[in-house]
Amino acid sequence: MMKRADIRAFLEAISGGNANPRTELDYATPYQLLVAVVLSAQATDVSVNRVTRTLFADAPTPQAMVALGEAAIAQRIKSIGLWQAKAKNVAMLSHLLLERHGGEVPGDRAALEALPGVGRKTANVVLNEVFGQPAMAVDTHIFRLGNRTGLAPGSTPRAVEDALLKRIPKDMLKPAHLWLILHGRYVCKARTPECWRCPGAAYCTYGEKTIKA
DNA sequence: ATCCCGAGGG
DNA sequence: CCCTCTGGAT
């Protein structure tokens with residue numbers, strides 16, 4: 001019998017009844033969240049968290065970040081990949097926030113994506129987590145989930161995003177973002193998915209196709 | 001060898 | 001669609 005991907009039931013199952021998930025990537029201010037996500041490209045959450053701890057201790061605001069300067073920023077993030085481009089982006093992005101937005105993180109997509117280092121995914125993280133807008137940031141974890149669960153099989157990140165937006169109840173959209181990322185990070189892992197401890201297995205066919213019991 | 005809360009460019 | 005940028009973890 002074919003299981004049907006029920007996104008609501010799936011989300012309720014993997015959420016563990018936690019309506020307000022908080023993670024190590026729960027930053028103090030919208031600015032720090034934005035910078036952290038810009039730094040997160042092709043880097044693990046743990047490594048990003050490690051460098052942002054020292055970076056934000058010295059430069060918690062865009063003013064302080066501009067004062068710190070690109071070279072000093074680079075020196076503090078060299079343990080993660082792509083640090084050259086990221087240091088340049090964070091310095092310029094901070095400058096532009098001051099110049100264009102009074103030092104505040106803008107709440108509209110066009111303004112966000114006009115910042116260096118900020119693409120659709122990063123803009124969606126800010127729109128979802130900071131402004132509570134109907135946006136889903138499809139990172140590598142959520143993209144993988146979208147394909148494995150049959151929500152948007154063999155599709156593009158944009159198609160996964162649209163499918164999630166269409167099918168996730170509005171009041172679940174914000175917590176769902178973190179639920180899905182954490183689930184992809186720790187359970188529905190890229191190399192060794194642990195279907196046997198997935199609470200959403202009843203709404204997913206991936207385990208049946210890959211793990212023959 | 002593969003992957004990580006991607007972006008930018010061809 | 002493709003490619004490059006990059007270090008650390010597994």
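Reminder, nothing fancy here: chain letters follow the sequence lines and each chain counts from 1.
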Within this structure, what is the [atom1]-to-[atom2] distance between [X] and [N], rounded to whole angstrom?
| X | N | atom1 | atom2 | value |
| --- | --- | --- | --- | --- |
| A/R158 | B/dG6 | CZ | P | 18 Å |
| A/R144 | B/dC4 | CZ | P | 5 Å |
| A/L112 | B/dC5 | CG | P | 21 Å |
| A/W179 | B/dC5 | CH2 | C1' | 18 Å |
| A/R120 | B/dG6 | CZ | P | 16 Å |
| A/L93 | B/dG6 | CG | P | 17 Å |
| A/E161 | B/dC5 | CD | P | 19 Å |
| A/L164 | B/dC5 | CG | P | 17 Å |

Considering residues at least two apart in sequence or located in another chain, which fulfil the side-chain hydrogen bond (donor to acceptor under 3.5 Å, both in side chains) criterion with A/K189?
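Expected list: A/E194.
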
With sequence neighbours excluded, give me every ring pair (Phe, Tyr, Trp, His ring centres under 6.0 Å) pair touching residues 54-91 of chain A.
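Every pair satisfying ring pair (Phe, Tyr, Trp, His ring centres under 6.0 Å) with a residue in residues 54-91 of chain A: A/Y27-A/F56.
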
Which residue pairs pass the ring pair (Phe, Tyr, Trp, His ring centres under 6.0 Å) test with at least one member in residues 162-181 of chain A, sequence neighbours excluded?
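Passing the test, one end in residues 162-181 of chain A: no pairs.
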
When rounded to the nearest 0.5 angstrom, what distance separates CG in A/L145 from CZ in A/F10?
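The CG atom of A/L145 sits 5.5 Å away from the CZ atom of A/F10.
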
Could you list the donor-acceptor pairs under 3.5 angstrom formed by side chains in residues 68-79 of chain A, with sequence neighbours left out?
residue, atom, partner, partner atom, Å
A/R76, NE, A/A72, O, 3.1
A/R76, NH1, A/D58, OD2, 2.0
A/S79, OG, A/R50, NH1, 2.9

Between A/N128 and A/M136, is there a donor-acceptor pair closer than 3.5 Å when you use the side chain of the first and the backbone of the second?
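Checked: no pair found.
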
At under 4.0 Å, does any side-chain N or O of A/T140 touch on OP1 or OP2 of B/dC4?
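Checking B/dC4 against A/T140, a side-chain N or O does come within under 4.0 Å of OP1 or OP2.
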
A/T122 near the nucleic acid: base, sugar-phosphate alone, or nothing, with a heavy-atom cut-off under 4.0 Å?
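The residue A/T122 makes sugar-phosphate contact but no base contact.
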
Which part of the nucleic acid, if any, lies within contact of A/I142, taking any heavy atom under 4.0 Å across all strands shown: a base, the sugar-phosphate backbone alone, or nothing?
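Here A/I142 touches no strand at all.
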
For the [atom1] atoms, the ones on [N] and on [M], what distance do you get once it is rounded to whole angstrom?
| N | M | atom1 | result |
| --- | --- | --- | --- |
| C/dC1 | B/dC4 | C1' | 23 Å |
| C/dT4 | B/dC5 | P | 23 Å |
| C/dT6 | B/dG9 | P | 14 Å |

Going 5' to 3' through nucleotides 4-9 of chain C, assign each nucleotide B (protein heavy atom under 4.0 Å from a base atom), S (under 4.0 Å only from sugar-phosphate atoms) or - (no protein heavy atom that close).
-BBBSB

Atom pairs, protein N/O to nucleotides 8-10 of chain B N/O, distance under 3.5 Å:
residue, atom, partner, partner atom, Å
B/dG8, OP1, A/G117, N, 2.8

With sequence neighbours excluded, what pairs up with A/R144 under the salt bridge (charged side-chain N to carboxylate O under 4.0 Å, His left out) test?
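Result, salt bridge (charged side-chain N to carboxylate O under 4.0 Å, His left out) vs A/R144: none returned.
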
Pairs meeting criterion salt bridge (charged side-chain N to carboxylate O under 4.0 Å, His left out) with involvement of residues 118-128 of chain A, two or more places apart:
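Those involving residues 118-128 of chain A are A/R120-A/E161.
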
Which salt bridge (charged side-chain N to carboxylate O under 4.0 Å, His left out) pairs, counting each pair once, include a residue from residues 100-116 of chain A, with sequence neighbours left out?
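For residues 100-116 of chain A: A/R109-A/E113.
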
